[in-house]
Student: 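Please see the structure below; I have some questions.
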Amino acid sequence: MDSCRVLLDGSRLIVESCVRAGASVYVGYPITPASLIFSYASRRFPIALPAPDEITALQWMAGLSAAGYLPVTATSFPGFALMVESINMAYMMELPMLIILVQRLGPSTGTATAGAQGDLLLLDGLISGGYPLPVLCISDLMDCWLLPPIGLRTAVELRTPVVLLSSKEMVMTQSSFDLRQLPEIEPVRRACYQGPGPYRSYDPGDGLVPPFLPVGNDHHLVRLNASTHDRSGLLQHTSEEAMTNTRRLGEKVEALTPVLYHLDEQDGARTLVVSYDITSGAAREAVRILRSRGVPVSLLLARTLLPVPAIYYEVIERYPRVVIAEENAQGQFARLLFGRRIPSKIRLVGAVGRMVRPEEIVREVLAG
Amino acid sequence: MSLFLTRSDLPFCKGCGHHHVVRSTVKALEEIGAKPTDVILVTDIGCHGIVDGHFVTHTAHGLHGRSVALAAGIAMGLPPGKKVIVYIGDGGATIGLQHLLEAARMNIDLTVVVHNNMLYGMTGGQPSSLTPRGFRTVITLDGAPLPHHDLCRLVYDAGASYVARVLGVGDFSEVLRQALEMEGFALVEVLELCTSYGVRWNPGLWLKALADEAGYTPGIWIRPPRPVFRLPAGPWEPLSPRGEGLLDLPPVEVRFSSPLEERWTMILSGSAGEGVQQAAEILARAAMAAGLHATKKGSYPVTVGVGFSTAEVILSRSPIFYHGVHEPDAVVITSMDGLLNQRERIRRMQRGVLWLDASLPIPETEAEIRVRDFRGRAGARYAALYAIWTVLQEMGILPPEALLEVVQGSSLADRIPVDRWASLG
Ligand code: SF4
């Protein structure tokens with residue numbers, strides 16, 4: 001058979017991809033629009049645990065990760081808000097885990113069954129002190145397959161929580177899809193410290209990431225600490241060693257987070273269309289329409305959102321006009337890139353309570 | 001000096017009950033013959049929490065109130081010989097009460113030691129929910145106005161295996177030893193007085209008298225043994241995915257063709273429980289069987305069993321990047337719920353076709369209206385599927401046989417009289 005076309009949703013691909021990548025435990029708390037991921041995970045993950053609330057979910061994940069499991073959860077803003085302190089804890093303790101954030105319409109509980117791209121700026125300031133958290137973003141069904149393993153690998157190799165950002169329509173819409181295009185997934189393995197004792201939980205040696213050893217192991221004692229600590233994991237006020245350790249948390253994420261994006265530049269294009277997440281589809285469609293009408297245009301779809309890859313600025317620099325499209329009212333990605341003084345060459349296309357339409361992007365490109 | 005401590009002095013004020021907790025803990029650990037690598041001490045926030053650095057064990061210094069949940073995550077994957085101990089205060093126990101109740105309900109193998117000095121010592125002596133009525137604190141100088149929670153009773157009722165309350169004076173290692181040896185959830189509430197703040201605002205108060213008056217009765221409460229919650233495999237054991245692969249889906253083979261040249265979009269809207277989503281899915285599969293790309297999106301109120309159910313379907317010759325539907329080519333309404341849900345859109349329609357069930361009033365619209373008896377002919381349960389069938393017949397965008405084939409391969413196969421529909425035309 002030369003094709004294997006099925007009708008499926010992104011949640012299915014995400015869960016199967018996580019499992020094949022070696023994620024061992026799913027900890028879930030139901031919330032629309034992430035519940036589909038929870039139900040698939042409950043059928044498929046080696047271990048799936050229903051938590052009584054999202055704080056417990058994240059704390060269990062931290063404990064499981066400390067013991068050597070590779071945990072995953074999925075939630076939406078109301079649940080994610082409850083997780084924030086615990087994500088900071090896991091960041092400080094350097095515990096790998098993957099948190100899938102499926103955006104829906106806010107503020108507050110908003111509309112559970114409507115999509116949105118409203119949480120990017122929240123993620124930018126999530127870690128107290130302004131330290132960056134790796135945030136990868138799904139832009140199509142293929143990414144639902146490709147990004148979970150990269151997220152899990154990043155979590156393990158950097159010893160950090162990683163957020164995989166998505167939104168309602170991206171994980172719930174069913175599409176025809178050819179399964180043969182899916183590449184094999186290489187499982188992620190958690191390596192363990194093999195050296196002599198004493199083991200120091202936060203000693204990165206010559207690198208930026210300390211080797212991991214599970215708490216409770218029979219060989220060396222492990223000290224984990226959510227408060228300011230030295231390389232041994234001992235509580236400190238603001239000693240130099242402790243501050244160096246805290247700075248390292250940001251440095252490793254800045255230096256080692258993979259830079260993932262899709263760039264399709266066309267000769268003669270004077271306008272660059274930039275998008276991410278669900279609006280990537282409208283951006284692709286807009287570019288297709290424009291090119292079919294003979295209008296040259298380039299396209300940048302961001303998959304690594306945080307820390308912001310420098311290459312985005314370099315690409316944007318090359319164009320006299322840039323249209324950034326995203327499903328929110330503020331232009332959150334534009335603000336992330338440029339703050340509140342968005343250069344005049346940057347044009348924003350947004351929508352609230354509905355998807356951004358390709359024609360709106362087309363119109364903005366042609367207005368230039 | 002104990003094998004379990006790095007040094008003999010402890011980081012607490014003179015006379016603080018926390019000293020006794022630590023000394024009794026290490027004595028109990030020695031008595032049960034534990035090795036340092038067998039012990040995981042998880043500490044919360046509070047004066048007691050800073051003692052982790054003094055322990056020669058695995059340690060995890062967590063967040064305020066969350067240590068029990070963190071420890072639960074650690075303990076559920078460890079083998080029975082490992083001893084996971086949680087140090088938490090009365091403040092932490094109340095901010096994280098849910099975690100205590102859940103760990104007790106699951107009977108996770110933990111020993112939780114609650115340092116109950118009836119106030120927040122680290123922040124200057126504010127009351128907690130374990131502060132007894134009448135106890136004076138820095139912000140309740142006339143005495144706390146409300147009675148305290150009975151934490152022992154709460155966790156016992158939640159399913160804890162072993163619960164004890166002790167006066168935190170002298171040596172209570174025997175109780176801690178029992179708690180550590182018991183497999184399952186154990187909680188020991190240690191009553192203490194904070195020498196810095198408790199004594200300052202309640203001069204002359206004796207711990208025993210306070211406990212008696214407050215009804216903080218020492219005791220031990222043990223449940224008959226019941227299963228302990230443990231994960232099926234440790235983190236380093238091979239863990240296999242469960243169940244069928246999520247991608248083991250029936251592939252749709254291309255056996256038909258479609259005259260559709262570009263994109264065709266449809267909204268199907270009816271009532272929950274009348275097969276709207278299923279019908280839309282069948283249409284998408286039928287289109288795939290005719291070589292097209294398809295997307296299907298569902299929308300319904302949060303209470304999925306009542307009210308409207310709406311599906312958006314896009315069929316296209318070329319790949320579908322954007323799966324929103326702004327100006328549909330077809331709107332198909334099979335019930336009043338669907339009509340009400342789509343009223344706005346129908347009014348805005350400038351083009352396209354509106355198929356409407358014969359039972360419904362004709363709405364205002366610029367679209368071409370086609371009234372058909374979906375419900376009358378197919379019944380409420382299959383009105384949506386019959387409507388799709390009708391649309392395909394009339395539009396000719398897909399061969400109806402493609403739809404019939406998908407229906408025959410689905411769970412509806414023996415329930416739908418497709419032959420009869422075919423003859424109805
Ligand atoms: S402040 Fe109170 S609780 Fe804290 S160490 Fe001193 S006596 Fe103990």
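Convention: sequence-line order gives letters A, B, ...; per-chain numbering from 1.
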Student: Report the distance from atom CZ of B/Phe321 to atom OG of A/Ser280, rounding to the nearest 0.5 Å.
Tutor: 11.5 Å
Student: Heavy-atom pairs under 4.5 Å with chain B - which of A/Arg357, A/Arg20, A/Met355 has more of them than the others?
Tutor: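 So the answer, after comparing A/Arg357, A/Arg20, A/Met355, is A/Arg357.
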Student: How close do B/Pro235 and A/Ala67 get, counting heavy atoms only, and between which atoms?
Tutor: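 So the two residues come closest at CG-O, 2.9 Å.
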Student: Let's go through B/Leu247 and A/Leu182 carefully: what are the C-alpha distance in whole Å and the side-chain angles of both, what is the deciding distance for side-chain contact (heavy atoms from CB on, under 4.5 Å) to 0.1 Å, and is it a yes or a no?
Tutor: CA-CA 11 Å; B/Leu247 304 183; A/Leu182 299 178; 3.7 Å; yes
Student: Which region of B/Leu292, side chain (C-beta onward) or backbone (N, CA, C, O), has a non-hydrogen atom less than 4.5 Å from a non-hydrogen atom of chain A, or is it both or neither?
Tutor: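 When you check distances to chain A, only backbone atoms of B/Leu292 fall under 4.5 Å.
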Student: Which bit of A/Ile278 is near chain B, if near means a heavy-atom gap under 4.5 Å: side chain, backbone, both or neither?
Tutor: side chain
Student: Quick check for you: among A/Ala283, A/Ser175, A/Gly216, which has the greatest number of heavy-atom pairs under 4.5 Å with chain B?
Tutor: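 The candidate making the most pairs under 4.5 Å is A/Gly216.
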Student: I'd like to know which of A/Asp140, A/Ile55, A/Asn217, A/Leu235 tops the heavy-atom pair count under 4.5 Å against chain B.
Tutor: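 Looking at each of A/Asp140, A/Ile55, A/Asn217, A/Leu235 in turn, A/Asn217 comes out on top.
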Student: At a 4.5 Å cut-off on heavy atoms, which part of A/Leu70 comes close to chain B: side chain, backbone, both, or neither?
Tutor: neither
Student: With a 4.5 angstrom heavy-atom cut-off, is it the side chain or the backbone of A/Val27 that approaches chain B, or both, or neither?
Tutor: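 Contact with chain B involves no heavy atom of A/Val27 at all.
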Student: Let me know if B/Thr57 has heavy atoms under 4.5 Å from chain A in its side chain, its backbone, both or neither.
Tutor: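 Backbone only.
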Student: Which distance, rounded to the nearest 0.5 Å, do you find between the NZ of A/Lys168 and the OG of B/Ser299?
Tutor: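 Here the rounded value is 6.0 Å.
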Student: What heavy-atom pair brings A/Ala226 and B/Leu63 nearest, and what distance separates the two atoms?
Tutor: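 In terms of heavy atoms, the two residues are closest at CB-CD2, 4.2 Å.
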Student: Would you confirm whether B/His58, through its side chain, and A/Val222, through its main-chain N or O, come within 3.5 Å as a donor-acceptor pair?
Tutor: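 Side chain of B/His58 to backbone of A/Val222: a pair is present.
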Student: Check whether any side-chain heavy atom of B/Val252 lies under 4.5 Å from a side-chain heavy atom of A/Val6, and answer yes or no.
Tutor: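 A side-chain contact under 4.5 Å is absent here.
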Student: Counting only heavy atoms not in B/Arg255 (residues, nucleotides, ligands), do more than 12 fall under 6.0 Å from its CZ?
Tutor: no
Student: Select one option (side chain, backbone, both, neither) describing which atoms of A/Ser86 are under 4.5 Å from chain B's heavy atoms.
Tutor: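 For A/Ser86, backbone and side chain are both near chain B.
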Student: Side chain, backbone, both or neither: which part of A/Asp218 has an atom under 4.5 Å from a heavy atom of chain B?
Tutor: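 When you check distances to chain B, atoms from both the backbone and side chain of A/Asp218 fall under 4.5 Å.
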Student: Side-chain contact test, heavy atoms from C-beta onward, threshold under 4.5 Å: evaluate it for A/Pro52 versus B/Gln98 and give yes or no.
Tutor: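 Yes, at least one pair of side-chain atoms sits under 4.5 Å.
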Student: If we define contacts as heavy-atom pairs under 4.5 Å, which of B/Arg66, B/Lys83, B/Lys35 has the most with chain A?
Tutor: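 Top option by heavy-atom pairs under 4.5 Å: B/Arg66.
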Student: Taking side chain as everything from C-beta outward and backbone as N, CA, C, O, which of these in B/Ser240 sits under 4.5 Å from a heavy atom of chain A? Side chain, backbone, both or neither.
Tutor: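 B/Ser240 touches chain A through backbone heavy atoms alone.
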Student: Counting only heavy atoms closer than 4.5 Å, note whether B/Leu249 contacts chain A via side chain, backbone, both or neither.
Tutor: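 Contact with chain A: backbone and side chain both.
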Student: Pick one of side chain, backbone, both or neither for B/Ala233, based on which atoms fall under 4.5 Å of a heavy atom in chain A.
Tutor: backbone
Student: B/Arg242 and A/Phe45: which non-hydrogen atoms are nearest, and at how many Å?
Tutor: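 Scanning both residues, the minimum pair turns out to be NE-O, 2.6 Å.
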Student: Can you tell me how far apart NE2 (B/His61) and CE (A/Met89) are? Round to the nearest 0.5 Å.
Tutor: 11.0 Å
Student: Within a 6.0 Å radius of atom CZ on B/Arg105, are there more than 12 heavy atoms belonging to other residues, nucleotides or ligands?
Tutor: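 At most 12 heavy atoms, drawn from other residues, nucleotides or ligands, come within 6.0 Å of this atom.
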Student: Looking at B/Gly245, is its backbone amide N or carbonyl O close enough to the side chain of A/Arg43 to form a donor-acceptor pair, meaning the two atoms are under 3.5 Å apart?
Tutor: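 Flag not set: sc A/Arg43 to bb B/Gly245 has no pair under 3.5 Å.
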Student: Check whether A/Leu64 gets within reach of chain B through its side chain, its backbone, both or neither, counting any heavy atom under 4.5 Å.
Tutor: both
Student: Identify each donor-acceptor pair in which a side-chain atom of residues 68-80 of chain B lies under 3.5 Å from a protein atom, sequence neighbours left out, and give them as a table.
Tutor:
none

Student: Checking heavy atoms, do the side chain of A/Arg190, its backbone, both or neither come under 4.5 Å from chain B?
Tutor: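 For A/Arg190, heavy atoms of backbone and side chain both lie under 4.5 Å from chain B.
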Student: Using non-hydrogen atoms and a 4.5 Å limit, figure out which bit of B/Lys296 sits close to chain A: side chain, backbone, both or neither.
Tutor: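 The answer is both parts of B/Lys296.
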Student: Could you tell me the separation between the CG atom of B/Leu239 and the CD1 atom of A/Ile47, rounded to the nearest 0.5 Å?
Tutor: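 Answer for the CG-CD1 pair, B/Leu239 versus A/Ile47, is 5.0 Å.
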Student: What part of A/Met93 gets closer than 4.5 Å to chain B, counting heavy atoms only: side chain, backbone, both or neither?
Tutor: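 For A/Met93, side-chain heavy atoms alone lie under 4.5 Å from chain B.
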Student: Using atom types as modelled and distance alone, determine if a side-chain donor or acceptor of A/Arg223 lies under 3.5 Å from a backbone N or O of B/Ala60.
Tutor: no
Student: Any chance you could lay out the side-chain contact (heavy atoms from CB on, under 4.5 Å) test for A/Asn225 and B/Asp52, step after step, and finish with the verdict?
Tutor: CA-CA 9 Å; A/Asn225 205 323; B/Asp52 59 315; 4.0 Å; yes
Student: Decide if atom CD of B/Glu244 counts as having more than 12 heavy atoms of other residues, nucleotides or ligands within a radius under 6.0 Å.
Tutor: no
Student: Of the backbone (N, CA, C, O) and the side chain (C-beta and beyond), which part of A/Ala51 lies under 4.5 Å from a heavy atom of chain B, both, or neither?
Tutor: neither
Student: Which one, B/Ala294, B/Ser318, B/Gly234, B/Pro250, leads in non-hydrogen pairs under 4.5 Å with chain A?
Tutor: B/Ala294
Student: Between the main-chain N or O of B/His293 and the side-chain N or O of A/Ser176, is there a donor-acceptor pair closer than 3.5 Å?
Tutor: no
Student: Work out which heavy atom in B/Leu246 is nearest to a heavy atom in A/Glu16; give both atom names and the distance.
Tutor: N-OE1, 3.0 Å
Student: Given heavy-atom pairs under 4.5 angstrom as the criterion, report whether the side chain, backbone, both or neither of B/Asp38 touches chain A.
Tutor: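 Side chain of B/Asp38 only, per the 4.5 Å heavy-atom cut-off to chain A.
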Student: Hey, could you give me the CG/CD1 distance between A/Leu7 and B/Ile282, rounded to the nearest 0.5 Å?
Tutor: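 Between atom CG of A/Leu7 and atom CD1 of B/Ile282 there are 11.0 Å.
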Student: Quick one: NE2 on B/His323 to OG1 on A/Thr173, what's the gap to the nearest 0.5 Å?
Tutor: 4.0 Å
Student: Among A/Val19, A/Thr56, A/Leu234, which residue forms the greatest number of heavy-atom pairs with chain B at distances under 4.5 Å?
Tutor: A/Thr56
Student: Please classify the contact between A/Leu49 and chain B as side chain, backbone, both or neither, with a heavy-atom cut-off of under 4.5 Å.
Tutor: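 For A/Leu49, the contact with chain B is made by the side chain alone.
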Student: Any chance you could lay out the side-chain contact (heavy atoms from CB on, under 4.5 Å) test for B/Val254 and A/Arg5, step after step, and finish with the verdict?
Tutor: CA-CA 9 Å; B/Val254 181; A/Arg5 293 168 81 232; 3.7 Å; yes
Student: Tell me which of these, B/Thr295, B/Thr59, B/Ile45, has more heavy-atom pairs under 4.5 Å with chain A than the rest.
Tutor: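 The answer is B/Thr59.
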Student: Under a 4.5 Å heavy-atom cut-off, does chain B meet the side chain of A/Ala41, its backbone, both or neither?
Tutor: backbone
Student: Can you say whether A/His219 sits under 4.5 Å from chain B via the side chain, the backbone, both, or neither, judging by heavy atoms?
Tutor: backbone
Student: Is it the side chain or the backbone of A/Asn88 that comes within 4.5 Å of chain B heavy atoms, both, or neither?
Tutor: neither
Student: Check whether A/Glu359 gets within reach of chain B through its side chain, its backbone, both or neither, counting any heavy atom under 4.5 Å.
Tutor: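 For A/Glu359, the contact with chain B is made by the side chain alone.
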